[in-house]
Amino acid sequence: MPKNPSSNGAMDVTSPKRARTQGGASAKGKKVLISDPIEQVCVDILQKAGVVVDCKSKVPPAELKKIIGEYDGLIVRSGTTVTAEIIESAHKMTAIGRAGTGVDNIDCVAATKKGIIVMNTPGGNTVSAAEHTCALIASLARNVAQGDASMKARKWDRKKYMGVELSGKTLGVLGLGRVGREATSSSFSCPLLLFSSSPPSPPPVISRMQSYGMDVIGYDPFFPPDASRKLNIEPVSAADCMARADFLTVHVPLLDDTKDMINKTSIATMKPGVRIINCARGGIINEADLLAALQSGHVAGAAVDVFESEPPAEHEWALIEHPKLVATPHLGASTLEAQGASTLEAQGKVAEEIANSLVAAFAEQPVVGVVNAPNLTLSQKPELKPWTALATSLGKLLAQVNKAAVTSLQVQVSGKVEKAGELCAAAALVGLFDQSGARDETGAAINLISAPAFAAEREMKVTTQEVEGGVFSSLLKLTVTTPKGSHVIAGTGLAAIGPRSQPIPPRGAAPSPARTVFGSSQRVVEFEGHKLEFEPKGYMLVYKSIDKPGVLSRACVVSHGDAQGAVVNVMAIDRKVEAAVLSKAAELADVSQVHCLHIG
Ligand SMILES: O=C(O)[C@H](O)COP(=O)(O)O
């Protein structure tokens with residue numbers, strides 16, 4: 001059986017330049033570039049794990065593109081823009097770590113396509129960002145910054161800086177993620193972030209501003225209204241949030257959906273005298289429209305920590321210099337513990353968290369804060385590990401049987417395990433592509449992160465379906481369709497059954513739940529429509545024959561016969577059978593479809 005069937009013509013097959021390690025992986029000897037200023041704790045943790053660390057700030061993009069191929073990992077803050085072009089040259093890269101929250105400076109789609117994990121540290125700077133937001137709200141209400149500047153100009157102008165109370169005012173919060181409220185996921189129209197699994201965050205903007213006596217209304221399409229009410233937040237639509245707020249604060253990531261969400265049209269729906277705060281990302285508020293609204297007086301004041309260009313471009317200074325605007329230079333996460341302090345503050349926390357995540361990613365251990373690889377996160381769950389392994393094996397077997405371009409893969413799962421279908425589809429694709437020798441355009445092997453995008457690019461339709469498993473409590477069935485027909489394989493995973501812990505149930509009794517656990521001992525239970533049972537392991541001679549005396553079907557696992565009297569025979573063998581021998585065997589009377597399959 002040829003090992004490199006470009007026969008799976010839908011795949012772009014090139015020679016492998018890189019393959020992911022499958023076990024015993026470690027951070028030792030990996031090379032990491034840190035391209036933005038970061039606390040020393042990050043370097044210390046990496047070096048302790050045996051990682052070689054280079055710290056180079058302000059590397060010009062062209063230079064970064066040139067050197068990035070040397071590194072297994074990259075750590076950035078918001079100062080480095082990691083473009084698709086840079087990712088394209090990152091031939092050895094396993095993971096990109098963002099020491100902070102926003103990943104809008106990283107091309108996550110390009111990283112996903114290349115099978116690179118992108119991770120952030122959303123919990124690390126939540127408190128600092130929330131506190132800075134609150135500081136800006138309070139200083140906006142009482143003209144703290146303007147009063148200070150006036151006094152420094154040796155003026156005593158009490159009348160000019162008349163403020164407003166916060167008590168009894170309505171605070172509108174767009175985006176009830178970590179900073180907006182206490183949350184366990186950062187999620188505003190951001191499907192990638194929905195999958196990040198991060199530790200719970202401490203109390204944020206809302207609880208602090210409620211203690212000033214503000215009434216809080218909030219909009220977030222992913223936050224259940226009942227949960228909002230429990231936090232004393234009135235759930236409202238985005239339009240209502242903007243229309244009713246006296247103070248409006250945005251806590252959303254910068255996405256196509258959220259770019260310019262505060263603009264002249266939405267500002268026109270707001271109350272005259274509204275005050276607006278942006279401590280999230282430059283670009284969420286249209287800066288020219290905000291300036292016009294400050295000039296007209298419709299917006300009474302604004303506080304901005306983040307800008308479309310950082311440092312600001314020439315045209316942005318007119319907004320920054322407006323007397324009703326309080327500006328800070330992206331200080332949301334800028335807190336550092338005093339020397340010798342026992343607890344870290346934002347910069348220390350994100351540095352520590354990202355270093356630990358990178359070490360874990362290199363060691364193929366569970367990683368916190370993955371933003372672009374839901375399947376990787378799922379595959380680390382103990383209950384889903386056997387499904388991943390089985391799906392990969394079945395995908396490999398199908399790739400060995402199939403000779404034509406795959407146009408679709410159908411994944412049917414029974415067993416009521418949440419997300420198993422999605423994960424099995426990615427794992428089956430990994431098996432199919434890996435067995436076919438498929439590589440991405442840079443020669444990288446296809447992995448759980450890149451497989452769905454790789455299939456989609458090749459217009460391979462992948463569907464998942466939850467089905468009844470029949471006699472099996474858990475079953476995984478794969479069907480690949482090609483212009484020449486389809487191939488089907490199904491399998492299950494047997495759990496080890498100890499004689500004491502799981503006694504055989506009395507005759508007639510229902511099987512004990514322990515017996516229905518999906519385990520790691522793989523069995524193929526259906527092959528090309530024939531029911532049988534064999535362990536996919538080592539070399540296997542598989543062929544179809546007519547079930548009649550004298551036809552080669554001894555010492556085999558033999559399937560049930562079909563309507564034509566054909567059976568599938570599987571024989572464990574100790575070495576590879578050459579293609580010429582297989583062809584000869586297929587010429588025997590009543591024998592057909594002879595394959596030598598292998599699972600290493
Ligand atoms: O997204 C973040 O984490 C904050 O905006 C902080 O960004 P910084 O790391 O550039 O300070």
Side-chain angles (χ1 to χ4, degrees), residues 33-43 55-59 64 74-82 96-108 111 118-136 174-175 177-180 183 185-190 192-193 196 198-199 201-202 204-205 249-255 258-259 277-285 303-312 327-337 344-358 368-372:
L33 174 66
I34 302 180
S35 64
D36 283 317
I38 202 151
E39 285 307 297
Q40 183 60 29
V41 61
C42 177
V43 179
C55 297
K56 297 184 186 183
S57 274
K58 298 203 169 129
V59 187
L64 188 56
L74 172 68
I75 293 183
V76 299
R77 285 179 54 203
S78 58
T80 305
T81 304
V82 190
I96 299 173
R98 163 64 160 110
T101 306
V103 288
D104 47 303
N105 54 324
I106 301 168
D107 193 324
C108 290
V118 179
M119 306 170 296
N120 67 353
T121 57
N125 57 25
T126 307
V127 170
S128 291
E131 287 182 357
H132 193 61
T133 308
C134 297
L136 291 179
L174 287 172
R178 285 179 179 277
V179 178
S185 72
S186 323
S187 61
F188 186 96
S189 301
C190 185
L192 295 180
L193 289 180
S196 52
S198 316
S201 54
V205 170
T249 180
V250 293
H251 297 284
V252 298
L254 180 65
L255 303 166
T258 59
K259 171 108 182 77
I277 302 94
N278 184 5
C279 224
R281 269 296 171 275
I284 295 165
I285 300 179
V304 179
D305 183 50
V306 282
F307 299 87
E308 274 172 20
S309 317
E310 294 184 3
T328 49
H330 202 149
L331 296 182
S334 297
T335 60
L336 194 59
E337 60 285 354
L344 296 175
E345 298 197 6
Q347 287 309 309
K349 276 193 257 183
V350 297
E352 182 185 64
E353 282 178 25
I354 204 64
N356 285 328
S357 294
L358 215 70
V368 170
V370 176
V371 300
N372 70 330

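In this chain, numbering begins with 1 at the start of the sequence shown. Computed over heavy atoms, backbone and side chain alike; hydrogens, waters and symmetry mates excluded. First listed ligand is number 1; within each ligand, the first listed atom is number 1.
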Quiz item: Do the non-hydrogen side-chain atoms of K56 and L33 ever get within less than 4.5 Å of each other?
Solution: yes
Quiz item: Any idea which protein heavy atom is nearest atom 7 (O) of ligand 1, and the distance to it?
Solution: R98 NH2, 3.2 Å
Quiz prompt | Subset of ligand 1 atoms that lie under 4.0 Å from at least one heavy atom of G100 | solution = 3 (O)
Self-check item: Contacting atoms of ligand 1, where contact means under 4.0 angstrom from a heavy atom of N125
Solution: 2 (C), 3 (O)
Quiz item: Which atoms from ligand 1 have a heavy atom of R281 less than 4.0 Å away?
Solution: 1 (O), 2 (C), 5 (O)
Practice problem: Run through N105, D104, T258, T101 and flag the one making a side-chain hydrogen bond (donor to acceptor under 3.5 Å, both in side chains) with R281. | Solution: D104
Quiz item: What protein heavy atom sits nearest atom 3 (O) of ligand 1, and how far off is it?
Solution: T101 N, 2.6 Å
Self-check item: Minimum side-chain heavy-atom gap M119-L358 below 4.5 Å
Solution: yes
Exercise. Just let me know how N120 lines up against ligand 1, side chain, backbone, both or neither, with a heavy-atom cut-off below 4.0 Å.
Key: neither
Quiz item: Short N/O distance, under 3.5 Å, between G102 and ligand 1?
Solution: yes
Self-check item: Nearest non-hydrogen protein atom, atom 11 (O) of ligand 1
Solution: R77 NH2, 2.7 Å
Exercise. Calculate, to the nearest 0.5 Å, the distance between atoms OG1 and CD belonging to T126 and E131 respectively.
Key: 11.0 Å
Quiz item: Considering only the protein, which heavy-atom contact is closest to atom 10 (O) of ligand 1, and what is its distance?
Solution: S78 OG, 2.2 Å
Exercise. Pick one of side chain, backbone, both or neither for how A333 approaches ligand 1, counting any non-hydrogen atom pair under 4.0 Å.
Key: side chain
Self-check item: Partner set under side-chain hydrogen bond (donor to acceptor under 3.5 Å, both in side chains) for T80, not counting sequence neighbours
Solution: S35, D36
Quiz item: Is the shortest N/O to N/O distance between H330 and ligand 1 below 3.5 Å?
Solution: yes
Self-check item: Contact summary for A280 and V250, nearest pair of heavy atoms
Solution: CB-O, 3.5 Å
Quiz item: T328 and D305: side-chain donor and acceptor closer than 3.5 Å?
Solution: yes
Quiz item: Is there side-chain contact between V306 and H330, with heavy atoms separated by less than 4.5 Å?
Solution: yes
